[in-house]
Amino acid sequence: MTHGNFIISLDFELMWGVRDKRTKESYGANVIGVQEVIPRLLSNFRKYDIKATFSTVGFLFFNNKDELLNNLPVLTPSYDVENLSPYNGYFDTVSNKQQGDLYHFAPSLINQIKAYPEQEIGTHTFSHYYCLEKGQTTEQFECDLEQAISTGRKNDIVLSSLVFPRNQFNDEYLKVCAENGIICYRGNERSWLYKAKNKSSENIVRRGFRLMDAYLNFSGHNCYSDDYMKSILPINIPASRFLRPYSTKARFLERLKLQRITSGMTYAAKKNLTYHLWWHPHNFGINQNENFTFLENILTHYRALHENFFFQSLTMKDLAERLMNEK
């Protein structure tokens, strides 16, 4: 039976994903909140029969700074902008307690995810690596990816899915992924608003239109057919929508935001297409009740689409393997 697919991927990164833009003082509450967010997500996903891909930064697997420093890749990124690299002094801010630096390490949360076998742990690279920033090289990226894969293997996890940090990638890096056993990745929406760019090439116009696109349909539903996704390896399972967190300033727009997502899901279910929703666990770190109430509305809609149109929740790996078998 043909059916549409509902994909959820989560960029699990803690401070490593925001440290070049934010500080513990300005964003620490969101990051610490992930300790509560992950168990709540796992509980909600099981309640609604949701399978998700937790794309995890490799640094999170370690207990403390010493463990991390003893497991670094041979090559590290040589970004022109030094602040983009965590290897350029940022480790000095990381705690070396035996356990308990909740801003930077999360082995207990990873173990909680592993306890839900229907969920997938993928990779968000080892160091939250930026593939399009100037100065870094393909060889450095490959070392980073190999270290992520090795770290996963030491924790009895075979990494098959990848989400590129800041959604930065190109064909050269995709080839490296395929050569290292990555079978799928989350690509960007087809619209010009979401074309992969480095930090210096981004502009306020695109950011503004992307913000409006979260509430009004500027770029379309961004749903994808099997034929569109399965052309080459690694398989591209593109994003459909970023789930923006609750904001008190924009709370009057919550209904529009929900309609933007659910209408895309409905379109995918009726047309037998794939809809891919994503966010970061730290987006839910504050205003947790508001964020989880919003998520439950989405998951309730999924269950209705499942019952009426056989809409299926799959991990990225599940969908990629199915597409590979259909070739």
Do [X] and [Y] have side-chain atoms, one donor and one acceptor, less than 3.5 Å apart?
{"X": "His128", "Y": "Glu13", "value": "yes"}
{"X": "Asn83", "Y": "Asp20", "value": "no"}
{"X": "Arg322", "Y": "Asn5", "value": "yes"}
{"X": "Ser9", "Y": "His276", "value": "yes"}

Exceeds 12 heavy-atom contacts within 6.0 angstrom, atom [atom1] of [X]:
{"X": "Glu118", "atom1": "CD", "value": "yes"}
{"X": "Asn111", "atom1": "CG", "value": "yes"}
{"X": "Lys114", "atom1": "NZ", "value": "yes"}
{"X": "Arg46", "atom1": "CZ", "value": "yes"}
{"X": "Lys24", "atom1": "NZ", "value": "yes"}

Is the distance between the ring centroids of [X] and [Y] under 6.0 Å?
{"X": "Tyr129", "Y": "Phe141", "value": "yes"}
{"X": "Tyr185", "Y": "Phe169", "value": "yes"}
{"X": "His104", "Y": "Tyr90", "value": "yes"}
{"X": "Phe126", "Y": "Phe59", "value": "yes"}

Does anything in residues 146-157 form a side-chain hydrogen bond (donor to acceptor under 3.5 Å, both in side chains)? List the pairs, not counting sequence neighbours.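 Output for this query lists Asn71-Lys154.
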Which Ile, Leu, Val, Met, Phe, Trp or Tyr residues join Leu273 in one cluster when any pair of side-chain heavy atoms under 4.5 Å counts as a link?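 For the cluster that includes Leu273, the remaining residues are Tyr267.
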Decide side chain to side chain donor-acceptor pair (under 3.5 Å) for Tyr130 and Arg166; before the verdict, give the C-alpha distance in whole Å, the side-chain angles of both, and the deciding distance to 0.1 Å. CA-CA 7 Å; Tyr130 304 130; Arg166 308 274 162 89; 3.2 Å; yes
Looking at Phe284, I'd like to know if the NZ or CZ of Arg40 sits under 6.0 Å from its six-membered ring centre while staying within 45 degrees of the ring's axis.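 Here Arg40 fails the 6.0 Å and 45° test against Phe284.
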Within the structure provided, determine whether Phe292 and Leu41 are in side-chain contact (heavy-atom separation under 4.5 Å).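 Result yes, sub-4.5 Å side-chain heavy-atom pair found.
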Met15 vs Val94, test: side-chain contact (heavy atoms from CB on, under 4.5 Å). Steps then yes/no. CA-CA 10 Å; Met15 279 300 297; Val94 177; over 6 Å; no
Does this structure show an ion pair linking Glu254 with Lys257, if we count only N-O contacts that are shorter than 4.0 Å?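 Yes, Glu254 and Lys257 are salt-bridged.
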